[in-house]
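Keep in mind the model is a prediction, meaning the values are calculated, not measured.
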Amino acid sequence: MKKIEFGRKFVTENLSLFRCPICQQPFDDVVGYSLRCPERHAFDLSKKGTLFFLTKQANNEYDKSMLQARHKILQAGLFDPIVDAISTYLGPDPERILDVGCGEGTPLARLLTLRGGKDTAIGFDISKDGINLATQQPTGAFFCVADLARLPFNDNTISTIIDLFSPSAYDEFNRVAQAGGRLIKIIPNSGYLHELRVALFGTGQKNSAYSNEKVFDLFMTHYPNASIHKLTYDFLVPKGMQQDLLTMTPLHWGRGRQENALQLVDAIKTITVDVSVMVADF
């Protein structure tokens, strides 16, 4: 099936999930390859089977090189234990899953494979380049370009929201979530990519450590009854992918690098993944 035909089939079968980001009314019709609302605002499916829901220019810091490097590293398994952990918080019944800031789509695709393909899943990102990469994933998920602050989804339609290292819009999450649903947010802890930080900046420097305190506190302010689960593991960096590991993160923009930083990065054999899996019920 062509990607645009898959996209049309998905939005036709799941029309109740979507609402117009312009007038906030539920879409009520699919005409050809166009999604339309009662006010006749129209959003056309791309040849890749995606929808572009942005209504204004968006600032996107992730360029193609970052996304391609991220794709290589995630395909090599960097986040697989995180995906495994996420799957343990999902029930046996089919879910409606929303992946916030899905990027190039590997974690969502692997989660759906673990789940046996029984779920209805949407991944969105502000990066069109990221979404174009995501459409290459062997998955039944639907991908779109959308604004976190103006989600193009109807109230009370999503059973599980996944937020893996992405910004959050908790008011919007609360709006689209079903009663009895859940939010699974993953944030990096202080040990995340520790070896990479030390290689770039040395020890005891401003950028050689990371704090998630502000992100953690904001989440807990909104969901004081959430459960927090620490997950730490070592990932063996495949030979030749050390520079991809660097390029996939905002760390490669950092100033104040050591003079021999790139050589030290090339010498990294294993990298620490240190995260908190934060689970809140709606």
### Query
Checking side-chain contact (heavy atoms from CB on, under 4.5 Å) for the pair Leu246/Leu262: CA distance, chi angles, key distance, verdict?
CA-CA 9 Å; Leu246 171 59; Leu262 295 184; 3.7 Å; yes
### Query
Can you tell me if Ser159 and Arg96 form a side-chain donor-acceptor pair at under 3.5 Å?
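No - no donor-acceptor pair under 3.5 Å links their side chains.
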### Residue pair Ser168 / Asp163, side-chain donor-acceptor N/O under 3.5 Å
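The criterion, which ignores hydrogens and geometry beyond distance, is satisfied for Asp163 and Ser168.
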What's the shortest heavy-atom distance between [X] and [Y], and which atoms?
| X | Y | result |
| --- | --- | --- |
| Phe142 | Gly49 | CE1-O, 3.1 Å |
| Ile131 | Gly123 | CD1-O, 4.2 Å |
| Ala141 | Leu108 | CB-CD2, 3.8 Å |
| Ser65 | Thr247 | O-CG2, 3.7 Å |
| Phe165 | Ile187 | CE1-C, 3.9 Å |
| Arg70 | Phe79 | NH2-CE1, 3.8 Å |

So do [Y] and [X] actually touch side chain to side chain, heavy atoms under 4.5 Å?
| X | Y | answer |
| --- | --- | --- |
| Leu67 | Ser127 | yes |
| Gln137 | Arg110 | no |
| Ile186 | Ile86 | yes |
| Leu148 | Ile126 | no |
| Ile82 | Tyr233 | yes |

### Message
Using the ring centroid of each side chain, check whether Phe173 and His222 are separated by less than 6.0 Å.
### Response
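So the answer is no for these two rings.
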### Message
So that I know where these two stand, are Tyr223 and Tyr170 an aromatic pair - ring centroids less than 6.0 Å apart?
### Response
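Yes.
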### Message
Taking the basic N atoms (NZ, or NE/NH1/NH2) and the acidic carboxylate oxygens, is any pair closer than 4.0 Å for Arg175 and Glu172?
### Response
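Answer for the salt bridge query: yes.
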### Message
Check this for me: does any side-chain nitrogen of one of Asp147 and Lys56 sit under 4.0 Å from a carboxylate oxygen of the other?
### Response
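No, no charged N to carboxylate O under 4.0 Å.
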### Message
Let's go through Ile97 and Ile122 carefully: what are the C-alpha distance in whole Å and the side-chain angles of both, what is the deciding distance for side-chain contact (heavy atoms from CB on, under 4.5 Å) to 0.1 Å, and is it a yes or a no?
### Response
CA-CA 6 Å; Ile97 297 172; Ile122 299 173; over 6 Å; no
### Query
Do Leu264 and Ile271 sit in the same hydrophobic cluster, where Ile, Leu, Val, Met, Phe, Trp and Tyr count as joined when their side-chain heavy atoms come under 4.5 Å apart?
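No; tracing contacts between hydrophobic side chains, which count when under 4.5 Å, never links both residues.
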### Query
Counting only N and O atoms by type, is there a donor-acceptor contact under 3.5 Å from the side chain of Ser276 to the main-chain atoms of Met278?
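Not at all, since once roles are kept as given, no pair shorter than 3.5 Å links the two residues.
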### Query
Are the side chain of Ser166 and the backbone of Val100 linked by a donor-acceptor contact shorter than 3.5 Å?
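The answer is yes, because a donor-acceptor pair under 3.5 Å joins these two groups.
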### Query
So Phe153 and Phe124, would you call those rings parallel, tilted or perpendicular, with 30° and 60° as cut-offs?
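Tilted: the ring planes of Phe153 and Phe124 meet at 30° to 60°.
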### Query
Which of these passes side chain to side chain contact (heavy atoms under 4.5 Å, CB included) with Val11: Phe27, Phe18, Phe6?
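By the side chain to side chain contact (heavy atoms under 4.5 Å, CB included) criterion, Val11 pairs with just one of Phe27, Phe18, Phe6: Phe18.
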### Message
Working note: Val145 + Thr50, criterion side-chain contact (heavy atoms from CB on, under 4.5 Å); need CA distance, chi angles, decisive distance, verdict.
### Response
CA-CA 8 Å; Val145 181; Thr50 65; 5.6 Å; no
### Task
Return yes when atom CD of Glu213 has more than 12 non-hydrogen atoms of other residues, nucleotides or ligands closer than 6.0 Å, and no otherwise.
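Counting neighbours around CD of Glu213, 12 or fewer heavy atoms of other residues, nucleotides or ligands fall under 6.0 Å, so no.
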### Query
When Glu104 is tested against each of Lys72, His71, Gln75, Gln68 for side-chain hydrogen bond (donor to acceptor under 3.5 Å, both in side chains), which residue passes?
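Single side-chain hydrogen bond (donor to acceptor under 3.5 Å, both in side chains) partner of Glu104 among Lys72, His71, Gln75, Gln68: His71.
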### Task
Using the side-chain hydrogen bond (donor to acceptor under 3.5 Å, both in side chains) rule, pick out the option among Lys118, Gln178, Arg182 that qualifies with Glu95.
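For Glu95, the side-chain hydrogen bond (donor to acceptor under 3.5 Å, both in side chains) check succeeds only for Arg182.
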### Message
Would Thr135 and Lys3 count as a side-chain contact (heavy atoms from CB on, under 4.5 Å) here? Give the steps.
### Response
CA-CA 8 Å; Thr135 64; Lys3 292 178 181 178; 3.9 Å; yes
